Amino acid sequence: MEKRNGMCPICFLKQLLMPRRKVSRFVVEENYANGVALTPPMGWSSWNTFKNQISETLMLETAQAMADKGLAQAGYRYLNLDDCWHSSLRDEDGNLQGDLERFPSGIPSLIRRINDLGLQVGLYSSNGTLTCEDLPAGLGNEWKDAYTMAQWGAEFFKYDFCHNIPLSGYAPLVESITVCAYPGAENPQRIDCTRAHLEGLAKRMPDRGMPCGWHVSGLDRGLGKMTFDNVYVERDGEYVLTIGIRKKGKYDKFLMATVNGQPYFYEIPPQTIWNDTARFQQIVRLKKGVNVVELSNPVASRADSAMIQYYRMGQMLKLAAERVARERGEAVKPIVYSICEWGANRPAQWARKAGNMWRTTPDIRPWWPWIVHLYDTTVDDYASAGPGNWNDPDMLEVGNGKLSATENRAHFTLWCMMSAPLILGNDLRSMSDEVLQIVTTRALIEVDQDPLGKACKRLRKRRGGVDVLAKPMADGSAVVCFFNRAKSGKKAKLDLSVLQSDAYIGLAAQPRYDATELWTGQAVELTDTLQAQIDGHGVAVYRIRPRNA
């Protein structure tokens, strides 16, 4: 049975009887937006091929290959250093630094040299105490690490989920809030809990040990909230918001203060017994006049914890980019924020509020059945994607393992249809002409990079047969992909009226259409039906335009 955390007995029983939600209760109104990733990011990552064997020399050789082989011109502009780019030692100021042996010139120098080739650089960390390879990571160091990467000029950031410590679902027992100017303690304004409005299971409990004689319990797991709607200040600016609590329990607690709609977070460690009370502080922004401060703990599930932690790093990346720009008198250089929590907490439901792209799956492997599984895991979340926010079924394995040419083309096509980020994972220095041709096929890249930003919708799924996918395009055309899941060849057809009647696809009704098969360039004239013969594990993909378009 859970710890009681000072709740009234009836409230405690109500909490036990309430059903647990799987969808996050941490609500952010607007999608994450920083002006980049308006189409799915394209680039290369070190992990799939090189894992922990990366170096300054390898990165420079790969960057040169991206430039020389036309990949940068085709749109692949991010060169991303995955895990193991950095040392196990933070520097004397506690900042991250590159591996002292393998990156002897330092990461800022490497970024500048890669930038000189017309490319942008991405870095990696984990939303945990350590990365997946047990190196220093971001949990608890969000601002420090975000600011370091912004200073270096990184423009892409992948944030993994290894060694994560979930936030507690328990809230502290709140006695009061105090507001004072920052910096300085100019006329601190103290408001005790008796002046707060309570909702849900939040309840005032008598407490002789508190200055006002009361504290509020029942803020746990999104089931209660207290609101101070009378916080008055004389001017806009930064203030110290102090939460006064009644000590109870040798376990972690968490509290969110929402100030005029902006969340601020308090992580509260297990309490010692030397005093009855404690104070925890954050710097918040208040406006002139009356402000509203809401206190709650929205962590009712692992999804809530994950979203809050990823959201916090996303905000730090934005603030760090803005601060560096102000310090240098330059334009803001935004950082693409890639959330990598492996799809464990249903990120398609919340991650567009927290970052630019989010992993929907475990790690990819160059195994055909696994690639199909990752496609199946992602494709039906098409409605979550859009400009600035993308489902990510992980990096491409085109050119890796024992995938056939047909499977490589199908893998690339499915990622383009899903409007997925196109992050290559092969050795670019030695890639074959066949693989280079696949990943630079302009007609398919245009499908992925279409500015409308809609991912494909699966219209038909046939186990052991042919899936039918359709994707609307900004120019009014539609792209249809027949994907043959079987080993043997299959025939497939689609009545075009399906594309006309589907509100998401919205193909204009016309007596005739022009269609082009995007891998072969073959032109086809259509009236009411599209049909094709598809090789085993292969695709046939057509861009269909109304004749008068």
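Treat the numbers as computed from the prediction; the structure is a model and nothing was measured. Note: hydrogens, waters and symmetry copies are ignored here, and every other heavy atom, side chains too, is used.
Sorted by first and then second residue, the ring pair (Phe, Tyr, Trp, His ring centres under 6.0 Å) pairs with a member in residues 438-463 form an empty list; sequence neighbours excluded. Listed by first and then second residue, the side-chain hydrogen bond (donor to acceptor under 3.5 Å, both in side chains) pairs involving residues 132-143 are Asp134-His163 (not counting sequence neighbours).
Residue Lys287 places its NZ atom among 12 or fewer non-hydrogen atoms of other residues, nucleotides or ligands, all under 6.0 Å distant. Environment of CD in Glu30: sparse, with no more than 12 heavy atoms of neighbouring residues, nucleotides or ligands closer than 6.0 Å.
Looking only at distances, no side-chain donor or acceptor of Asn484 sits under 3.5 Å from a matching main-chain atom of Gly538.
A salt bridge links Arg458 to Asp467: at least one charged side-chain nitrogen sits closer than 4.0 Å to a carboxylate oxygen. Taking the charged nitrogens against the carboxylate oxygens, Asp475 and Arg543 do have a contact shorter than 4.0 Å, which makes a salt bridge.
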Inset, instruction - Please test Arg359 against Asp363 for salt bridge (charged side-chain N to carboxylate O under 4.0 Å, His left out), starting from the C-alpha separation and ending with a verdict. - result: CA-CA 9 Å; Arg359 277 278 293 281; Asp363 286 3; 2.7 Å; yes

Legend entry - From CA spacing to verdict: ring-ring contact (aromatic ring centres under 6.0 Å, His included), Tyr337, Phe156: CA-CA 6 Å; Tyr337 181 30; Phe156 188 105; 9.6 Å; no

Inset, instruction - In sequence, state the C-alpha distance, the side-chain angles, and the governing distance for Glu341 and Arg346, and then conclude on salt bridge (charged side-chain N to carboxylate O under 4.0 Å, His left out). - result: CA-CA 9 Å; Glu341 60 83 78; Arg346 305 174 73 180; over 6 Å; no

Legend entry - Working for side chain to side chain donor-acceptor pair (under 3.5 Å), residues Asn426 and Trp44: CA-CA 8 Å; Asn426 56 322; Trp44 175 88; 4.8 Å; no

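Nearest heavy-atom pair across Leu38 and Trp390 is O-CZ2, 3.3 Å. Taking all atoms of both residues into account, the shortest heavy-atom contact from Thr360 to Pro393 is OG1-CA, 3.6 Å. Looking at every heavy atom in both residues, Pro172 comes nearest to Lys253 through CA-CD, 3.7 Å. Residues Leu499 and Val480 approach most closely at CD1-CG2, 3.7 Å, considering heavy atoms.
For the side chain to side chain contact (heavy atoms under 4.5 Å, CB included) with Arg460, the qualifying choice from Val498, Leu494, Val466 is Leu494, the only one to do so. Exactly one of Asn31, Asn389, Asn34 qualifies for a side-chain hydrogen bond (donor to acceptor under 3.5 Å, both in side chains) with Asn356. That residue is Asn34.
In this structure, the ring of Tyr310 has its center less than 6.0 angstrom from the ring center of Tyr159. Taking the six-membered ring for Trp and the full ring otherwise, Tyr32 and Tyr311 have centroids separated by 6.0 Å or more.
The CD1 atom of Ile423 lies 8.5 Å from the CE atom of Met42; values are rounded to the nearest 0.5 Å. Atom CZ of residue Phe483 and atom NE2 of residue His411 lie 11.0 Å apart, to the nearest 0.5 angstrom. Interatomic distance, OH of Tyr266 versus CZ of Phe280, reported as 11.0 Å (0.5 Å rounding).
Under the 2.5 Å SG-SG cutoff, Cys132 and Cys162 qualify as a close cysteine pair.
Arg221 forms a cation-pi arrangement with Tyr170, by the criterion of a distance under 6.0 Å to the ring centre and an angle within 45° of the ring axis.
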